[in-house]
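The structure appears below as structure tokens.
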Amino acid sequence: QADSYEVGPPHCVQLDSETMTSDQDAVLQRDLDGVDRNVTPFVIVVFHHPAYSSGLFHRAQKHPTRDRWEAILDSHHVNLVISGHEHNYERSYPVVNQDSNDTGPGPYDSRDGPVYVVTGGGGAILYPDFVTTPSWSAVRAAVHEHVMLHITRETIEATTFREDATVLDHFVLTSRD
């Protein structure tokens, strides 16, 4: 199943990464084709299984979300992709095909690829093991956390808080205007 909706400035899309089908792919393509980026400055996509994760616990699954959806997300200049499944936190730099053109502190522009966030540290047992840090990985930690987004027409400001309310990560995405 795929669903989409507007929440203030961003267009949001939810995908089912458990039962990926060609019908869902077609719905995603049509939905993103219909977004007028002059009116809607940001696109956020959410699905359960991460396309980018360096966590070891589920790494052997090699989940096909990246192969299946990355080209669609990149061609439509999706700004932010949020996933879970891996019980830790990880954020990428803007990335396309496992390569990042912008490894600085940001702010980031969607023309360099989406930023991928795994926010799986919501309270379950954590998965503390990671592979060697990939070049696309900006921040990662095996901590209980939550991500808060502050969205305006010009920016998405994301702040990740540990359970003791200290900041683990902070990044900014800019609109294409």
Side-chain angles (χ1 to χ4, degrees), residues 4-15 17 28-29 31-33 35-55 63 65-86 88-121 130-143 145-162 166-177:
S4 65
Y5 45 89
E6 312 299 321
V7 180
H11 179 77
C12 300
V13 180
Q14 286 182 261
L15 299 171
S17 62
L28 173 63
Q29 183 73 46
D31 181 77
L32 293 178
D33 284 347
V35 175
D36 180 350
R37 294 305 286 269
N38 293 315
V39 175
T40 306
F42 296 107
V43 175
I44 299 171
V45 176
V46 179
F47 48 85
H48 182 68
H49 297 88
Y52 283 92
S53 171
S54 63
H63 204 274
T65 53
R66 185 187 313 161
D67 293 338
R68 185 148 204 145
W69 293 327
E70 183 176 31
I72 298 171
L73 303 178
D74 182 49
S75 69
H76 289 87
H77 301 285
V78 167
N79 302 85
L80 180 62
V81 178
I82 302 172
S83 300
H85 196 56
E86 192 71 38
N88 53 46
Y89 175 81
E90 186 163 22
R91 176 189 42 99
S92 75
Y93 296 108
V95 62
V96 176
N97 293 324
Q98 301 184 56
D99 188 35
S100 183
N101 292 326
D102 185 351
T103 58
Y108 304 116
D109 182 301
S110 65
R111 287 172 280 222
D112 292 324
V115 169
Y116 290 82
V117 171
V118 176
T119 176
F130 293 93
V131 298
T132 302
T133 306
S135 61
W136 50 259
S137 182
V139 177
R140 61 189 189 166
V143 297
E145 45 73 25
H146 66 276
V147 179
M148 292 184 64
L149 302 178
H150 178 78
I151 303 171
T152 68
R153 285 204 50 76
E154 294 78 31
T155 62
I156 296 176
E157 186 174 349
T159 306
T160 303
F161 295 93
R162 296 177 187 90
T166 59
V167 173
L168 170 65
D169 188 23
H170 177 84
F171 65 95
V172 176
L173 306 174
T174 58
S175 69
R176 297 170 26 163
D177 296 342

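Predicted model, so just to flag it, every value in this text is computed and none were measured.
Note that CG of L173 and CD1 of I156 are 5.0 Å apart. Values are rounded to the nearest 0.5 Å. F47 contributes atom CZ, which lies 6.0 Å from atom CH2 of W69 (distance to the nearest 0.5 angstrom). Distance check, rounded to the nearest 0.5 Å: OG of S135 to CD of Q98 gives 8.5 Å. Note that CG of N101 is 13.0 Å distant from CZ of R111, once rounded to the nearest 0.5 Å. Note that NE2 of H146 and CG of L168 are 11.0 Å apart. Values are rounded to the nearest 0.5 Å.
Of the possible polar contacts, none joining the N79 side chain to the I44 backbone as a donor-acceptor pair under 3.5 Å is found. The closest donor-acceptor contact from the side chain of R37 to the backbone of H77 lies under 3.5 Å. With hydrogens and angles disregarded, no donor-acceptor distance shorter than 3.5 Å links the side chain of R140 to the backbone of R91. For the pair N97 (side chain) and D99 (backbone), a donor-acceptor distance under 3.5 Å is absent. With hydrogens and angles disregarded, a donor-acceptor distance shorter than 3.5 Å links the side chain of S75 to the backbone of A71. Between the side chain of E157 and the main chain of H150, no donor-acceptor pair closer than 3.5 Å is present. Between the R153 side chain and the V39 main chain, a donor and an acceptor come within less than 3.5 Å of each other. The backbone N or O of S137 lies less than 3.5 Å from no partner atom in the side chain of E90, so there is not a single donor-acceptor pair. Under the 3.5 Å distance criterion, the side-chain polar atoms of S92 are left unmatched by any main-chain donor or acceptor of V115.
Across all their heavy atoms, D31 and S4 have their closest contact at OD1-OG, 2.6 Å. In plain terms, the two heavy atoms of S17 and H48 that are nearest each other are OG-N, 3.4 Å. Residues P94 and S100 come closest through the heavy atom pair O-OG, 2.7 Å. When every heavy atom of A158 is checked against every heavy atom of V147, the shortest pair comes out as CB-CG1, 4.5 Å. When all heavy atoms of S53 and V118 are compared, the pair lying nearest together is CB-CG2, 4.3 Å. Of all heavy-atom pairs spanning N88 and G55, the tightest one is ND2-CA, 4.2 Å.
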Could you please spell out the steps behind the side-chain contact (heavy atoms from CB on, under 4.5 Å) verdict for L149 and I82?
CA-CA 11 Å; L149 302 178; I82 302 172; 4.3 Å; yes

How far apart are the C-alpha atoms of L80 and F42, what are their side-chain angles, what is the distance that settles it, and do they pass the side-chain contact (heavy atoms from CB on, under 4.5 Å) test?
CA-CA 8 Å; L80 180 62; F42 296 107; over 6 Å; no

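Of the N and O atoms on the side chains of Q14 and Y5, at least one donor lies less than 3.5 Å from an acceptor on the other residue. If you check the side chains of Y52 and E70, you find a donor sitting under 3.5 Å from an acceptor.
In this structure, T119 and T160 have side chains that are not in contact, with every pair of non-hydrogen atoms separated by 4.5 Å or more. D102 has its side chain out of reach of Y93: every pair of non-hydrogen atoms, C-beta onward, lies at least 4.5 Å apart. For the pair F161 and V167, the minimum side-chain heavy-atom distance is below 4.5 Å. At a threshold of 4.5 Å between non-hydrogen side-chain atoms, the residues H11 and E6 count as touching.
Aromatic ring orientation, F171 versus Y108: tilted (interplanar angle from 30° to 60°).
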